[in-house]
Amino acid sequence: MPRTRRIALFYLLILSLPGALVHCDETASTDGALTRSLLPELHLLEPVWASPVSWRESTVLLQQGEGAPLVGRLAFEAAEIIAVTSADGARTFVAGQDFQLGEDRRTLLFASDAPVPFIKQSDLFPSTGAPDSYQHRAGHPDQSLLYHKGSWFHERQLEVTYRRAETNWPGEPPSWDEGGLPRTLARLRAGQTLRIGVSGDSIAEGGDASGLHMAPPHMPAFPELVAAQLESSYSSEIVLRNRAVGGWSIANGNDDLDNLLDENPDLIIVAYGMNDVGRRDPEWFRAQVETFVSRVRAANPAIEMILVAPMLGNAEWVHTPRDMFARYRDVLQALTGPGIVLADLTSVWEVLLRHKHDLDLIGNGLNHPNDCGHRLYAQTILSCLVPTPSSQTLSRLRAGEPVRICCFGDSVTGLYYHTGGNRAYTDMLGLALNRAFPDAKIETINAGVSGHTTVDGLGRMERDVLQHNPALVTVMFGLNDMARVPLDQYRANLETIIDRCHAIGADVLLCTPNDVITTTGRPVEKLVQYCDAVREVGRARHVAVCDCYNDMEALRGVDALAWRLLMSDEIHPNMDGHQRIAEALTRSITGQHVSLADVDPPTPAIARTLSRLAAKQSIKILAMPPLDELIEPVLKGAYPDAMLEITPWPTDDKSLADIELDAKARVREFRPDLVLIAVPSSAGFESQESFIHSYIWIMNWSLSFGAQEWDCVVVHPSLSDPDHADADYDPLIRHLVRGQDLTLVDRPANDQRPAGEILIDWFRGQRP
């Protein structure tokens with residue numbers, strides 16, 4: 001799907017007071033291509049509450065008095081300073097040369113005469129009416145606050161990347177809630193267009209991102225960052241309509257709501273509060289937000305909403321009373337429910353300001369975020385829309401360090417017939433991660449065993465998982481547990497698996513099982529309960545969850561046939577399904593969408609046969625007509641001394657269901673070296689579903705149960721059947737064979753040569 005975005009954002013720097021708008025002259029538009037190019041360096045899916053590294057945390061250098069050192073503050077104790085740059089990226093500062101890390105490991109100390117911009121403490125509160133000031137300081141009517149339009153503060157701020165000494169977040173971090181925005185996530189996972197509407201004030205409009213002032217690095221405001229990251233994380237087109245206006249309160253948002261609804265949004269981001277807290281009236285705010293929400297619900301109950309609790313304004317400014325922000329945040333929290341979630345930036349800001357100065361994160365001196373602040377806005381909102389990646393693993397992938405991933409589970413994880421017996425999602429995950437990070441050194445280990453529950457998994461965990469010392473363990477059990485393990489024990493077993501992985505320093509990524517075709521033993525209604533348990537454990541233990549169930553169910557909801565073609569049987573996905581699981585895992589690990597749609601079945605398709613031919617060993621071949629007669633001259637043309645034992649597999653006058661039953665009784669007991677499937681177009685069937693079911697099971701029964709023990713090739717009816725004329729099902733056959741990760745020998749377009757000649761050409765292409 002093309003990733004285009006129709007976004008037109010025009011930014012005005014607007015500073016608001018109750019009842020007044022203050023506009024600056026600068027107007028700028030953002031460039032979608034530029035935003036996408038910036039994404040890798042913004043670390044939007046590695047927020048400070050979930051990452052051992054604080055990426056590009058901003059600080060301003062303050063000087064307490066004449067001759068005093070210039071001091072920049074960090075939010076956390078630093079174990080290692082990785083990089084210090086100017087906010088525009090033009091200058092880099094070196095530890096020990098340009099600055100020292102303070103003894104508290106929370107401050108950067110520059111010499112008083114260092115050639116670096118700074119702000120004097122004495123300049124923070126100019127007298128009323130002084131230039132570059134805005135009135136007035138809370139409790140000091142004779143004093144104003146330092147205020148500058150444009151990029152003045154941006155030019156005086158540094159960005160610091162450092163590894164934190166303590167990685168635990170000192171508070172309740174923003175957390176992923178799988179069920180919070182079900183319709184939005186379903187659209188994203190199904191690759192459907194998502195229309196996002198924004199209702200907000202000057203912060204949502206763009207103040208004071210560097211892109212507003214056309215200053216390097218030209219970073220846009222948080223709404224466009226969110227849209228760009230969603231397009232990177234999913235295969236959906238994001239259409240952003242931003243109706244935020246500087247100076248607006250939630251009351252203005254209500255006045256404009258009909259215009260916003262005319263944009264037909266699927267999701268609305270509601271971002272007010274900065275201009276509302278000055279009223280000091282949480283009950284008024286509650287009534288206004290309730291009105292907004294109820295009107296949206298009345299207009300279209302399917303629209304979902306993210307309520308954004310804002311950053312903290314300057315504590316010294318009379319119009320941003322610090323004690324009001326948490327109370328206004330609590331109003332928003334009380335209004336959450338199905339389809340309405342809170343993006344709590346207020347709490348994040350409170351944690352950061354425990355050791356930082358207000359001006360470290362502010363872009364105008366009063367009430368607008370700087371670039372770092374807009375990233376924090378985007379990160380907090382994205383925590384409602386994208387699972388937080390596994391930070392340790394992601395850091396290793398970025399750094400090109402060796403990363404060993406162990407995929408722990410049952411037969412869906414393991415290597416079995418349903419994916420052709422050569423590869424499973426474990427292998428696809430390695431491929432997808434290498435596409436996301438070409439320089440990464442990735443090793444994947446398949447620790448899936450058929451029939452196993454979490455009970456069985458715990459019994460073999462030391463041998464199959466822990467002894468490999470993985471950086472990450474993905475855990476996908478449940479399809480057998482739901483039949484044999486009580487729900488409470490299942491939860492407890494998942495928690496034990498997490499504890500044992502964490503004990504060796506491994507990240508854990510819990511996975512819900514894939515959805516299934518309901519059967520008596522595995523009804524979908526019961527599976528949902530076990531998926532809910534996975535999500536509950538993930539939330540309680542702060543472990544990321546890859547929701548494979550909802551990812552596949554999203555497709556099922558919009559295209560039932562496309563979903564059906566992901567399944568090899570009632571419970572096992574085929575290779576197309578495994579590729580989708582690997583794409584979902586990659587998104588959970590990296591935050592990126594990587595497509596595996598172009599991955600072909602492995603070559604050569606007849607590796608075992610070629611090996612035995614080269615070694616002059618006998619070959620047992622089971623072949624449907626006319627291949628039972630065509631294959632001998634093909635093989636002996638290249639290997640004249642080949643010892644071939646060819647057994648015909650009769651198909652005359654048989655339906656697809658008959659051939660399916662024959663395959664079940666015949667192939668695995670025969671234990672061939674090569675199986676050649678050529679289902680005749682004359683084989684009857686009752687419906688499209690019966691065609692799909694029987695064709696898949698003919699292939700399934702033609703494979704060994706576990707890892708592939710013999711070669712299996714499918715020949716299209718256009719090649720094998722001279723009277724073939726069933727064009728309606730030709731594309732479906734091609735889809736089914738590829739979905740099984742098997743090779744299809746097909747007649748090239750407009751090629752009328754005899755089947756034997758085409759087979760010879762195909763065989764030549766298999767040889768090294």
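Residue numbers count from 1 along this sequence.
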Undergrad: Given side chains that start at C-beta, do those of Ile362 and Phe153 come closer than 4.5 Å, heavy atoms only?
TA: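 The answer is no; the side chains never approach within 4.5 Å.
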
Undergrad: Do the charged groups of Asp488 and Arg491 touch, with an N to O distance under 4.0 Å?
TA: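 Judged by the 4.0 Å cut-off on N to carboxylate O distance, Asp488 and Arg491 do form a salt bridge.
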
Undergrad: Got a second to check how far Leu188's CG is from His593's NE2, nearest 0.5 Å?
TA: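 If we round to the nearest 0.5 Å, Leu188:CG and His593:NE2 are 11.5 Å apart.
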
Undergrad: Pair Phe477, Phe408 - check ring-ring contact (aromatic ring centres under 6.0 Å, His included), show working.
TA: CA-CA 8 Å; Phe477 290 94; Phe408 191 28; 4.9 Å; yes

Undergrad: For the pair Arg535 and Asp532, find out whether any cationic side-chain nitrogen is under 4.0 Å from an anionic carboxylate oxygen.
TA: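 Looking at Asp532 together with Arg535, the answer is yes, because their closest N to O distance falls below 4.0 Å.
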
Undergrad: Could you tell me if the side chain of Asn252 sits less than 4.5 Å from the side chain of Val245, heavy atoms only?
TA: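 SC-SC contact between Val245 and Asn252 ruled out.
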
Undergrad: What pair of heavy atoms forms the shortest contact from Gly207 to Leu212, and how long is it?
TA: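 In terms of heavy atoms, the two residues are closest at CA-CD2, 3.9 Å.
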
Undergrad: Taking the side chain as C-beta and beyond, is there a heavy-atom pair between Val543 and Asp507 under 4.5 Å?
TA: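 The answer is no; the side chains never approach within 4.5 Å.
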
Undergrad: Judged by atom type as modelled, is there a donor-acceptor pair below 3.5 Å linking the side chain of Arg187 to the main-chain atoms of Pro182?
TA: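 Such a contact is absent between Arg187 side chain and Pro182 backbone.
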
Undergrad: Can you tell me how far CD of Glu304 sits from SG of Cys384, rounded to the nearest 0.5 angstrom?
TA: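 If I round to the nearest 0.5 Å, the distance is 11.0 Å.
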
Undergrad: Would you name the heavy atoms of Asp201 and Ala244 that are closest together and state the gap between them?
TA: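 Closest approach of Asp201 to Ala244, heavy atoms only: O-CB, 3.5 Å.
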
Undergrad: Hey, are Glu536 and Arg539 close enough for a salt bridge, meaning a charged N less than 4.0 Å from a carboxylate O?
TA: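 Salt bridge flag = no for Arg539 with Glu536.
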
Undergrad: According to side-chain contact (heavy atoms from CB on, under 4.5 Å), who are the partners of His43, at least two apart in sequence or on a separate chain?
TA: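 Here the qualifying residues are Glu46, Trp55, Arg398.
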
Undergrad: Could you tell me which residues satisfy side-chain contact (heavy atoms from CB on, under 4.5 Å) with Thr496, sequence neighbours excluded, listed by chain and number?
TA: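 Scan of Thr496 (side-chain contact (heavy atoms from CB on, under 4.5 Å), adjacent residues dropped) gives Leu458, Arg500.
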
Undergrad: Given side-chain contact (heavy atoms from CB on, under 4.5 Å), test Ile268 with Val198 step by step and report yes or no.
TA: CA-CA 6 Å; Ile268 296 177; Val198 179; over 6 Å; no

Undergrad: Got a sec, which residues hit side-chain contact (heavy atoms from CB on, under 4.5 Å) with Ala315, two or more places apart in sequence or on another chain?
TA: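 Result, side-chain contact (heavy atoms from CB on, under 4.5 Å) vs Ala315: Arg322, Asp358.
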
Undergrad: Kindly determine whether Arg189 and Glu583 satisfy salt bridge (charged side-chain N to carboxylate O under 4.0 Å, His left out), including the steps that lead there.
TA: CA-CA 10 Å; Arg189 287 165 169 157; Glu583 290 169 354; over 6 Å; no

Undergrad: If you round to the nearest 0.5 Å, how far is CE of Met311 from CG of Asn370?
TA: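 One finds 8.0 Å between CG of Asn370 and CE of Met311.
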
Undergrad: Would you name the heavy atoms of His374 and Leu225 that are closest together and state the gap between them?
TA: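 Heavy atoms of His374 and Leu225 come nearest at O-CD1, 4.1 Å.
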
Undergrad: Pair Thr320, Leu312 - check side-chain contact (heavy atoms from CB on, under 4.5 Å), show working.
TA: CA-CA 8 Å; Thr320 52; Leu312 305 180; over 6 Å; no

Undergrad: Checking the side chain of Arg522 only, and the main-chain atoms of Leu479 only, is there a donor and an acceptor separated by less than 3.5 Å?
TA: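 A pair under 3.5 Å: yes.
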
Undergrad: Looking at side-chain heavy atoms only, is the closest gap between Pro573 and Leu566 below 4.5 Å?
TA: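 They are not in contact (no side-chain heavy atoms under 4.5 Å apart), so the answer is no.
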
Undergrad: Rounded to the nearest 0.5 Å, what separates atom CG in Leu45 from atom CG in Leu394?
TA: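 Answer for the CG-CG pair, Leu45 versus Leu394, is 8.0 Å.
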
Undergrad: If the condition is side-chain contact (heavy atoms from CB on, under 4.5 Å), which residues does Ala302 pass it with, not counting sequence neighbours?
TA: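 Partners of Ala302 by the side-chain contact (heavy atoms from CB on, under 4.5 Å) criterion, ordered by chain and then number, come out as Arg183, Asn300.
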
Undergrad: For the pair Arg541 and Asp499, evaluate salt bridge (charged side-chain N to carboxylate O under 4.0 Å, His left out) and give the outcome as yes or no after the intermediate values.
TA: CA-CA 10 Å; Arg541 302 300 296 272; Asp499 290 341; 2.2 Å; yes

Undergrad: Going by an N to O cut-off under 4.0 Å, is there a salt bridge joining Asp371 and Arg56?
TA: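 No, Asp371 and Arg56 are not salt-bridged.
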
Undergrad: Does this structure show an ion pair linking Arg73 with Asp360, if we count only N-O contacts that are shorter than 4.0 Å?
TA: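 No salt bridge links Arg73 with Asp360.
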
Undergrad: Quick one: closest heavy-atom pair of Lys356 and Leu74, and the distance?
TA: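 Scanning both residues, the minimum pair turns out to be CG-C, 3.9 Å.
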
Undergrad: Determine, step by step, whether Asn493 and Val485 satisfy the side-chain contact (heavy atoms from CB on, under 4.5 Å) criterion, reporting the C-alpha distance in whole Å, the side-chain angles of both residues, the deciding distance to 0.1 Å, and the verdict.
TA: CA-CA 10 Å; Asn493 290 346; Val485 178; 4.3 Å; yes

Undergrad: Quick one: CZ on Phe76 to NE2 on His355, what's the gap to the nearest 0.5 Å?
TA: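 Taking CZ in Phe76 and NE2 in His355, the distance rounds to 8.0 Å.
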
Undergrad: According to salt bridge (charged side-chain N to carboxylate O under 4.0 Å, His left out), who are the partners of Arg556, at least two apart in sequence or on a separate chain?
TA: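 With neighbours one apart ignored, the set is Asp515, Glu553.
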
Undergrad: Decide, yes or no, whether a salt bridge links Asp258 with Arg295 under the criterion of side-chain N to carboxylate O below 4.0 Å.
TA: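 Salt bridge present between Asp258 and Arg295.
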
Undergrad: If we only count heavy atoms from C-beta on, is the Ile589 to Leu397 side-chain gap below 4.5 Å?
TA: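 Counting from C-beta outward, Ile589 and Leu397 do come under 4.5 Å.
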
Undergrad: Checking side-chain polar atoms at under 3.5 Å, does Glu205 have a donor or acceptor matched by the opposite partner on Asn242?
TA: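 Their side chains do not contain a donor-acceptor pair, so the 3.5 Å distance test is not met.
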
Undergrad: Assess whether side chain to side chain donor-acceptor pair (under 3.5 Å) is satisfied between Ser202 and His368, documenting all intermediate values.
TA: CA-CA 8 Å; Ser202 54; His368 286 170; 2.8 Å; yes

Undergrad: Would you call Asp266 and Arg195 a salt bridge, taking side-chain N to carboxylate O under 4.0 Å as the test?
TA: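 Judged by the 4.0 Å cut-off on N to carboxylate O distance, Asp266 and Arg195 do not form a salt bridge.
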
Undergrad: Just by distance, do the side chain of Gln157 and the backbone of Leu359 share a donor-acceptor pair under 3.5 Å?
TA: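 Judged by distance alone, yes, a pair lies under 3.5 Å.
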
Undergrad: Please find the pair of heavy atoms, one from Met482 and one from Pro523, that lie closest to each other, and give the distance.
TA: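 Heavy atoms only, the tightest pair is CE-O, 3.5 Å.
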
Undergrad: Can Ser249 and Asn275 be counted as having a side-chain donor-acceptor contact under 3.5 angstrom?
TA: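 No, no side-chain donor-acceptor contact under 3.5 Å.
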
Undergrad: What I'd like to find out is whether the side chain of Leu345 reaches to under 4.5 Å of the side chain of Val348, using heavy atoms alone.
TA: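 Yes; the side chains approach each other to less than 4.5 Å.
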
Undergrad: Side-chain contact, heavy-atom cut-off 4.5 Å: Cys546 with Thr474?
TA: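 Heavy-atom side-chain distance check fails, nothing below 4.5 Å.
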
Undergrad: Return the orientation label for the Phe222 and Tyr377 ring planes: parallel under 30°, perpendicular over 60°, tilted otherwise.
TA: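 Answer is parallel, since the angle falls under 30°.
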
Undergrad: Before you tell me yes or no, could you show the steps for Val270 and Val289 under side-chain contact (heavy atoms from CB on, under 4.5 Å), namely the whole-Å CA-CA distance, both residues' side-chain angles and the distance that decides it to 0.1 Å?
TA: CA-CA 9 Å; Val270 186; Val289 180; 5.7 Å; no

Undergrad: State the CE-CG distance between Met305 and Leu342, to the nearest 0.5 angstrom.
TA: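 Going from CE on Met305 over to CG on Leu342, the span is 13.0 Å.
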
Undergrad: Determine whether the side chains of Tyr272 and Ser199 contain a donor N or O and an acceptor N or O closer than 3.5 Å.
TA: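 Judged by distance alone, the side chains do pair up.
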
Undergrad: Just to verify, what does Phe325 make a ring-ring contact (aromatic ring centres under 6.0 Å, His included) with, not counting sequence neighbours?
TA: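 Listed in chain order: nothing, the list is empty.
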
Undergrad: Under 3.5 Å, is there a donor-acceptor pair between the side chain of Asp551 and the main chain of Cys548?
TA: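 Checked: no pair found.
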
Undergrad: So, for Arg280 and Pro321, which heavy atoms are closest and what is the spacing to 0.1 Å?
TA: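 Of all heavy-atom pairs spanning Arg280 and Pro321, the closest is NH2-CB, 3.4 Å.
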
Undergrad: Please examine the side chains of Asn367 and Asn314, heavy atoms only from C-beta on, and report whether any two atoms are closer than 4.5 Å.
TA: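 Answer no - side chains too far apart.
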
